[in-house]
Visitor: 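Provided herewith is a single structure, encoded as structure tokens, for subsequent inquiry.
Per chain, numbering begins at 1; letters A, B, ... match sequence-line order.
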Number of protein chains: 2
Amino acid sequence: MISNIAELIADRIGTMPAGERRAAQTLIASYPMIGLKTVAEFSAAAGVSSPTILRFVARLGFQNYPEFQSSLQDELAAQLQSPATRTLNPPSPGGTGSPMLEATLDNMRETFRHLSDKQLADIATRLAERRGKTFLIGGRFTDPLARYMAAHLAVIQPDVFHLAGQESMWRDRLIDMGKRDVLVIFDIRRYQDSLVRFAEKAHQRGVQIVLFTDQWLSPIARFARHVIAGRTAVPSAWDSSAALFVVAETLIGAVTRQLEADGARRIREMEGLR
Amino acid sequence: MISNIAELIADRIGTMPAGERRAAQTLIASYPMIGLKTVAEFSAAAGVSSPTILRFVARLGFQNYPEFQSSLQDELAAQLQSPATRTLNPPSPGGTGSPMLEATLDNMRETFRHLSDKQLADIATRLAERRGKTFLIGGRFTDPLARYMAAHLAVIQPDVFHLAGQESMWRDRLIDMGKRDVLVIFDIRRYQDSLVRFAEKAHQRGVQIVLFTDQWLSPIARFARHVIAGRTAVPSAWDSSAALFVVAETLIGAVTRQLEADGARRIREMEGLR
DNA sequence: GGAGCGCTGTATCGTATGTTACGTATTTTG
DNA sequence: CAAAATACGTAACATACGATACAGCGCTCC
């Protein structure tokens, strides 16, 4: 079975005329970057004319040049999205035996690779400088994450509320929300209409939204001030929220650090109350 | 120093207007592939208009869109040409930048190293062969994990109950519990007396207890049929439940697989009801 | 509450890009 | 060695892509 374009070329290069063979060799030499550039650049690099490049991709079975480029891009995307595949051949330090765990660890590394320290710091600062209230809510499976985060934040600062129960209950809380407030939403596939509606309402009231979602971005991203896109794919019937969970913990830690002066006193007080 | 476009975006995203920020977040979420496609596709994915995309790349300092794309391609080429740099830098010397993440990843590896496949399989089997009911409960900060697990298990089998609310509420549920039932408890430091008391009562009634705890083992371990000890130490004011979270997800996956025949039908039915 | 500013989308434009037709060169075959 | 077939490049073409002008809108700040 031929799965990628490089193999396809290797398979058919024998039947190609001289010019197209030069095109093939040029592409293989710096695969696949040249193929992502324009026909003119490709042809110049190969030392042939534009039509030769087009005949080349036609011989590979593509209807036109853009289709060929899309195919290359899909291939690249697949490589980039699953670092596991890359490290699959040499089972480097992994070898834990559990593909589930390996995928989860990869997800976390990927998630944090796309997440700058600055972005996290910004969100943490926004949550720490508590000019207003903080609301948290989640979807069917992600609401526990909202609860987890709320449980921690509520310890180190006042005015932290988890929105539970029916949709109608949340909407009643909208009346309390304004420009100075922050709404943290967890929403991954399949995205819940009720959450989207709620986010829109809150956005209209000027509430700043922090969204935890998957890499395909919940429609709530339209209204969000900050978006955290985590990786959720694992070899299971379910999506994994573990990466988002770790981001949430990191954020909790960052907020705690920023509130250290205030927070430490608060925590001591609370301990005293128990 | 800013070396790649992702950092550049993180640096300037704070100063961007709403539309351009959505473009930025969309690009980051599936970096960098969207940026290699046409302006029209990019704008559609971000839910903004084409000019907004162009203003976005202009704000990043590029003269025009093709120049922006070339820059992305160069970046990609650099990554692909030296896979060594990519797999050498981050993993071993903790180059991810976040000590929090590194500690969490270590915790997971350690947790699974001390956790045999057989042990997981045993617990999964016990949860899957549903002769009785399944109850889940957690402590102050770990109860969300119980909820998370309950939310999933409830989809694939009946008689799954999360014990919420006041301690007195749980105790009333004891009357429903017997030898054929399973109680999943999450309890990490500081261990809660109320949970210990409850676990003891349940144990006396013959309930099989599955305990998720930290490496120092909650006193509930005395009564537990199965104990999962996760690592919780991270450089933060709080303990991390991430490792236990991943174990929970793994367990959910295992139970789902065992119930595949039954479960698949149930899930389809549920989807139909939505 | 009103005026000014900044952001965003619609519609239009110019152009670079992929595509195709055709003539010339090169190789192959009888 | 001649004739035909195939391959290749030049040049003209059409399309789709990026770029821009402009108007509507919301927002902030007096």
Visitor: Just grab all the salt bridge (Lys or Arg N to Asp or Glu O under 4.0 Å) pairs involving residues 209-233 of chain A, residues at least two apart or on different chains.
Guide: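 For residues 209-233 of chain A: none.
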Visitor: Considering all heavy atoms of both residues, which atom of A:Thr111 and which atom of A:Ala229 are nearest to each other, and what is their separation?
Guide: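 Answer, listing the atom of A:Thr111 first, then A:Ala229: CG2-O, 3.9 Å.
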Visitor: Send over the distance from A:Phe42 CZ to C:dT19 P, rounded to a whole Å.
Guide: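 Answer to the nearest Å: 13 Å.
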Visitor: Quiz question: by atom type and distance under 3.5 Å, do the side chains of A:Gln215 and B:Tyr31 form a donor-acceptor pair?
Guide: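 No, no side-chain donor-acceptor contact under 3.5 Å.
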Visitor: Would you say the side chain of A:Glu200 lies within less than 4.5 Å of the side chain of A:Phe223, judging by non-hydrogen atoms?
Guide: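 A:Phe223 vs A:Glu200: side chains touch.
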Visitor: Using whole Å, report how far CD of A:Gln69 lies from P of D:dA16.
Guide: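 Taking CD of A:Gln69 and P of D:dA16, I get 15 Å after rounding.
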Visitor: Return the value, rounded to whole Å, for the distance between atom CZ of A:Phe62 and atom P of C:dT19.
Guide: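 That distance rounds to 13 Å.
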Visitor: Can I get a per-line list of side-chain donor-acceptor pairs under 3.5 Å for residues 47-55 of chain B, giving both atom names and the distance, sequence neighbours left out?
Guide:
residue	atom	partner	partner atom	Å
B:Ser49	OG	B:Thr52	OG1	3.3

Visitor: Which pairs, protein N/O on one side and nucleotides 4-10 of chain D N/O on the other, fall under 3.5 Å?
Guide:
residue	atom	partner	partner atom	Å
D:dC8	OP1	A:Ala18	N	3.2
D:dC8	OP1	A:Gly19	N	2.5
D:dG9	OP2	A:Ser49	N	3.2
D:dG9	OP2	A:Ser49	OG	2.9
D:dG9	OP2	A:Thr52	OG1	2.6
D:dG9	N7	A:Arg55	NH2	3.3

Visitor: Would you kindly give the CG-to-P distance between B:Leu36 and D:dG18, to the nearest whole Å?
Guide: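 In whole Å, D:dG18 P lies 12 Å from B:Leu36 CG.
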Visitor: Would you tabulate the side-chain donor-acceptor contacts of residues 243-252 of chain A under 3.5 Å, counting partners in other chains and residues two or more places apart, or write 'none'?
Guide:
residue	atom	partner	partner atom	Å
A:Glu249	OE1	B:Ser240	OG	2.7
A:Glu249	OE2	A:Tyr148	OH	2.8
A:Glu249	OE2	B:Ser240	OG	3.4
A:Glu249	OE2	B:Ser241	N	2.7
A:Thr250	OG1	A:Val246	O	2.8

Visitor: Between atom CD in A:Gln63 and atom P in C:dG18, what is the gap in whole Å?
Guide: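 The distance from CD of A:Gln63 to P of C:dG18 comes to 17 Å, rounded to the nearest Å.
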Visitor: Please report, rounded to the nearest Å, how far the C1' atom of D:dA19 is from the CZ atom of B:Phe68.
Guide: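 Distance, rounded to whole Å: 16 Å.
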Visitor: Evaluate the ring planes of A:Trp170 and A:Phe198, with Trp represented by its six-membered ring, and classify them as parallel (under 30°), tilted (30 to 60°) or perpendicular (over 60°).
Guide: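 A:Trp170 vs A:Phe198 ring planes: perpendicular.
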Visitor: Specify the separation, in whole Å, of atom CG of B:Asn64 and atom C1' of C:dT15.
Guide: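 Distance, rounded to whole Å: 13 Å.
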Visitor: Walk me through it: do A:Val210 and A:Leu183 pass the test side chain to side chain contact (heavy atoms under 4.5 Å, CB included)?
Guide: CA-CA 6 Å; A:Val210 176; A:Leu183 173 61; over 6 Å; no
Visitor: Quick check on the 6.0 Å ring-centre criterion: do A:Tyr191 and A:Trp216 meet it?
Guide: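 That pair fails the under 6.0 Å test.
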Visitor: Any idea how A:Phe42 and A:Phe56 line up, ring-wise: parallel (<30°), tilted (30 to 60°), or perpendicular (>60°)?
Guide: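 Judged by the thresholds at 30° and 60°, the geometry between A:Phe42 and A:Phe56 is perpendicular.
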Visitor: Please find out if less than 6.0 Å separates the ring center of A:Phe141 from that of A:Trp238.
Guide: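 Ring centroids of A:Phe141 and A:Trp238 are less than 6.0 Å from each other.
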Visitor: Starting at the 5' end of DNA chain D, which residue's closest nucleotide do you reach first, B:Tyr65 or A:Lys179?
Guide: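 Result: B:Tyr65.
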Visitor: Nearest-Å distance, CG (B:Leu54) to C1' (C:dC7)?
Guide: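 Distance, rounded to whole Å: 15 Å.
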Visitor: How large an angle, rounded to 10°, do the end axes of the helix from C:dG1-D:dC30 to C:dG30-D:dC1 enclose when each is built from five base pairs?
Guide: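 Inter-axis angle at the termini of the helix from C:dG1-D:dC30 to C:dG30-D:dC1: 30°.
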Visitor: In residues 25-33 of chain B, which ones come under 4.0 Å of DNA chain D, going by heavy atoms?
Guide: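 The stretch gives none, as no residue of it lies under 4.0 Å from the strand.
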